[in-house]
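The next block holds one structure in the form of C-alpha cells; read it before the comments.
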Amino acid sequence: MKAAVIHGPGLIKYDTVDDPIIKAKDDIILKVTSTAICGSDLHIYSGGFPQPRPMVLGHEFMGIVEEVGSEVTHLKRGDRVVVPFPIACGNCFFCNHDVPGNCEHSNPEHYGPEGGILTEKGGALFGYTDLYGGYDGGQSQYVRVPYANYGPRIVPEDLSDEQVLFLTDIFPTGYTGVDWGEVKGGETVAIFGSGPVGIMAAKSAVLRGAAQVIVVDTLQYRLNKAKLSTGCTTILWEDGPKDVVEQIRSLTHGRGADVCIDAVGFEPDRNLGDRIKATINFEKGSIKVLEACMSAVRRSGIVAVLGVYPVNYDNFPLGQFFDKGIVLKGGQAPAHKHIDKLLEYVVQGKVKLDDIITHRLPLSEIAHAYDIFKKREDGCVKVVLDPWK
C-alpha cells in the first residue's frame with residue numbers, strides 16, 4: 001500500500017509499505033477514505049518528538065472496515081467508521097474512568113506511572129512514535145485498528161467524510177479544553193492559538209454557552225478564519241504577551257478570562273531571545289503561551305492545556321499559580337468520552353466542522369502538504385488528504 005512515512009526531521013515521503021494484517025482477535029483493518037494532518041504531527045516532523053525509525057504517521061483518519069478479527073462484536077466488513085486518536089483497551093482502570101489516553105495495556109513497552117521525558121509514557125496513539133506504542137498511523141491506504149470493540153464509531157451514511165473526520169481528534173480535543181474549563185454558560189473563554197484545535201475549542205465554547213469567546217494568534221489570516229467560523233473576538237499577538245493580556249483584561253472588567261485554553265504547546269512562534277533562553281535552560285521550545293494563559297486568566301480561573309509539552313521547564317510560574325489560585329488541567333484529550341455526544345451535535349446540525357478545511361490534496365503530495373502546513377503558507381489552516389490519489 002501507499003503511505004506517508006517519516007524518515008527524519010523534515011523528511012516525509014510517499015512510500016510503498018507492507019499492508020497491515022490482523023494481529024489480535026479484536027483488531028480490524030480499515031480502508032482509509034480520508035485522513036488529515038494534525039498540528040501535533042508537526043512535532044514529529046520538526047524533530048521535537050524523536051522517532052529514529054521510519055513510521056507511518058497520522059492519527060486523524062476514517063474509512064471502511066475491510067477485515068475484522070474473530071472477536072470483534074459490533075463491526076462488520078463494509079461498515080464506515082471514524083476512529084478516536086488514542087489507542088485504548090476499554091477495560092483497564094483508566095479506560096473505566098474515561099481517561100483512555102492513560103490506557104494501561106496499549107503501550108506495554110513504554111508505559112508507566114512516572115510520565116518521564118523518554119520513559120514511562122501514557123497509552124498508545126496512532127502514528128505517534130515508538131514512545132507512544134509504535135503503531136503505524138492512518139496517513140495511508142489501510143491501517144490496523146486495535147481494540148476495535150472500544151474505539152471505532154459507525155457514522156451515518158448521509159454525512160460526508162469531511163463532516164465527521166475531525167471527530168477523530170481536533171473536535172474532541174477542542175471540546176475537552178472547554179469541558180476542563182467547566183464552562184456552563186455566561187463565561188469568558190480566551191483561546192491562545194487559532195489553528196484547527198483552537199478553532200474547535202472556540203466552536204465548543206459557543207456550544208457550551210460562553211458569553212464571550214476570545215481567540216489569540218500571531219497570524220491575521222488564521223484569526224480571520226476563527227472569526228468567520230465562530231463569530232469570536234480576535235486579538236493579534238504582535239507586541240508580546242503583555243499587550244495581549246492587557247487586551248483580555250480590558251474585555252473582562254480588569255479581572256481576566258474565566259477560562260484560558262493553550263491550544264499551541266511548546267513550539268510557538270519564537271524570537272531570537274526565546275531561542276537563546278531555551279538553549280541556556282536545555283529546554284525544547286517555550287512555555288511562553290502557557291505563561292500568557294496564566295497571566296490572562298482571572299484569579300481562581302481555569303487554564304486548560306491542549307498544546308503538547310514533552311519536557312520539563314524550570315521557569316514554570318509556580319508562584320503566580322499559587323497566588324492566583326489557578327486550576328491547571330492538561331493532557332491527552334479523552335476522545336472516547338466525548339465522541340458520541342459530539343457526533344450527535346454534528347448530526348443535529350448544531351456545529352459545522354468542515355469549514356476550517358483550506359486544502360484538499362492527494363496523499364501523493366504529502367511532502368508538499370506538510371511543508372505548507374508547517375510554514376503556514378498559502379493560507380493553510382487544515383489539510384485533508386485522499387489516500388487513493
Side-chain angles (χ1 to χ4, degrees), residues 1-69 72 75 77 80-87 106-110 123-148 151-152 161 165 168-169 359-374 383-389:
M1 69 170 183
K2 292 295 186 179
V5 179
I6 189 76
H7 289 269
L11 184 59
I12 190 163
K13 295 182 179 180
Y14 181 63
D15 285 350
T16 300
V17 301
D18 291 339
D19 291 342
I21 60 172
I22 297 284
K23 294 183 178 180
K25 293 179 180 180
D26 57 351
D27 286 353
I28 63 170
I29 303 299
L30 197 69
K31 180 180 179 180
V32 180
T33 54
S34 294
T35 185
I37 303 174
C38 182
S40 54
D41 291 328
L42 295 181
H43 301 320
I44 306 172
Y45 181 71
S46 70
F49 268 84
Q51 177 53 31
R53 68 174 180 88
M55 172 183 247
V56 179
L57 294 188
H59 56 268
E60 293 185 310
F61 59 87
M62 64 177 295
I64 308 297
V65 176
E66 185 80 5
E67 298 179 48
V68 298
V72 174
L75 296 175
R77 190 174 189 272
R80 180 166 167 260
V81 300
V82 65
V83 182
F85 75 96
I87 300 173
S106 61
N107 186 16
E109 291 188 17
H110 295 285
L125 309 171
F126 285 102
Y128 215 78
T129 77
D130 290 333
L131 287 175
Y132 287 94
Y135 296 83
D136 280 331
Q139 289 170 6
S140 55
Q141 292 179 322
Y142 295 93
V143 62
R144 171 185 166 237
V145 178
Y147 305 111
D161 277 18
L165 175 61
T168 54
D169 177 5
H359 292 73
R360 297 168 175 86
L361 296 171
L363 186 64
S364 58
E365 294 185 24
I366 191 66
H368 171 64
Y370 266 85
D371 188 54
I372 61 171
F373 190 48
K374 170 70 174 176
V383 181
V384 171
L385 302 158
D386 185 337
W388 298 93
K389 292 182 180 179

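Hydrogens, waters and symmetry mates are skipped; everything else that's a heavy atom, side chains included, is used.
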Next item on the list: Heavy atoms only: give me the nearest Lys374-Ser46 pair and the separation to one decimal.
Entry: NZ-CB, 3.6 Å
Check: Where is the tightest heavy-atom contact between Leu75 and Ala148, given as atom of each residue plus distance?
Finding: CD1-O, 3.9 Å
Check: Just by modelled atom types, is the Ala367 backbone N or O under 3.5 Å from a matching donor or acceptor in the Glu365 side chain?
Finding: no
Item checked: Whether Gln51 side chain and Gly8 backbone form a donor-acceptor pair below 3.5 Å -> no
Next item on the list: Using distance alone, with no hydrogens and no angle criterion, decide if Lys2 and Thr16 have a side-chain donor and acceptor under 3.5 Å apart.
Entry: yes
Notebook entry, point to check: So do Met55 and Asp130 actually touch side chain to side chain, heavy atoms under 4.5 Å?
Noted result: yes
Next item on the list: Quick one: closest heavy-atom pair of Val5 and Pro54, and the distance?
Entry: CG1-CB, 3.7 Å
Check: After noting the C-alpha distance and the side-chain angles of Asp41 and Glu60, does the key distance pass the side chain to side chain contact (heavy atoms under 4.5 Å, CB included) rule?
Finding: CA-CA 10 Å; Asp41 291 328; Glu60 293 185 310; 5.6 Å; no
Notebook entry, point to check: Heavy atoms, side chains only, cut-off 4.5 Å: are Ser140 and Val17 in contact?
Noted result: no
Next item on the list: Considering non-hydrogen atoms only, spot the tightest contact between Thr33 and Ile64 and give its length.
Entry: CG2-CG1, 4.0 Å
Margin query: I need the Arg360 CZ to Ser34 OG distance, nearest 0.5 Å.
Written below: 10.0 Å
Next item on the list: Give the intermediate values and the outcome of ring pair (Phe, Tyr, Trp, His ring centres under 6.0 Å) for residues Tyr128 and Phe85.
Entry: CA-CA 10 Å; Tyr128 215 78; Phe85 75 96; 8.8 Å; no
Note to self: Taking Lys23's backbone N and O only, do any of them form a donor-acceptor pair with Asp27's side chain (distance below 3.5 Å, no angle check)?
What the structure shows: yes
Margin query: Any side-chain to backbone donor/acceptor pair from Asp136 onto Val143? Under 3.5 Å, distance only.
Written below: no
Checklist line | Under 3.5 Å donor-acceptor, Trp388 side chain and Val32 backbone | finding: yes
Notebook entry, point to check: Can you check whether Pro387's main-chain N or O pairs, donor with acceptor, with Gln141's side chain at less than 3.5 Å?
Noted result: yes
Check: Where do Pro20 and Met1 come nearest, in terms of heavy atoms and distance?
Finding: CD-SD, 3.8 Å
Notebook entry, point to check: Can you name the one residue among Leu385, Val384, Val383 that meets side-chain contact (heavy atoms from CB on, under 4.5 Å) with His359?
Noted result: Val383
Note to self: Closer than 3.5 angstrom, by distance alone: can the side chain of Asn107 be matched with the main-chain N or O of Gly133 as a donor-acceptor pair?
What the structure shows: yes
Checklist line | From Ile6 atom CD1 to Ile12 atom CD1, the distance as rounded to the nearest 0.5 Å | finding: 5.0 Å
Checklist line | Test item: Ile366 and Lys13 side chains (from C-beta on) under 4.5 Å apart, heavy atoms | finding: no
Next item on the list: Determine the interplanar angle of the Phe61 and Phe126 rings, folded into 0 to 90°, and report it as parallel if under 30°, tilted if 30 to 60°, perpendicular if over 60°.
Entry: perpendicular
Notebook entry, point to check: Quick one: OH on Tyr142 to CD1 on Ile29, what's the gap to the nearest 0.5 Å?
Noted result: 10.5 Å
Item checked: Name of the residue among Thr35, Asp169, Thr168 meeting side-chain hydrogen bond (donor to acceptor under 3.5 Å, both in side chains) with His59 -> Asp169
Next item on the list: To the nearest 0.5 Å, tell me how far Ile37 CD1 sits from Leu57 CG.
Entry: 9.5 Å
Next item on the list: Work out which heavy atom in Leu363 is nearest to a heavy atom in Ala3; give both atom names and the distance.
Entry: CD2-CA, 4.2 Å
Notebook entry, point to check: Charged N to carboxylate O under 4.0 angstrom, Arg77 versus Glu67?
Noted result: no
Checklist line | Test item: Ser106 side-chain N/O and Gly123 main-chain N/O as donor-acceptor pair under 3.5 Å | finding: no
Notebook entry, point to check: Is the Tyr370 ring parallel, tilted or perpendicular to the Tyr45 ring (thresholds 30°, 60°)?
Noted result: tilted
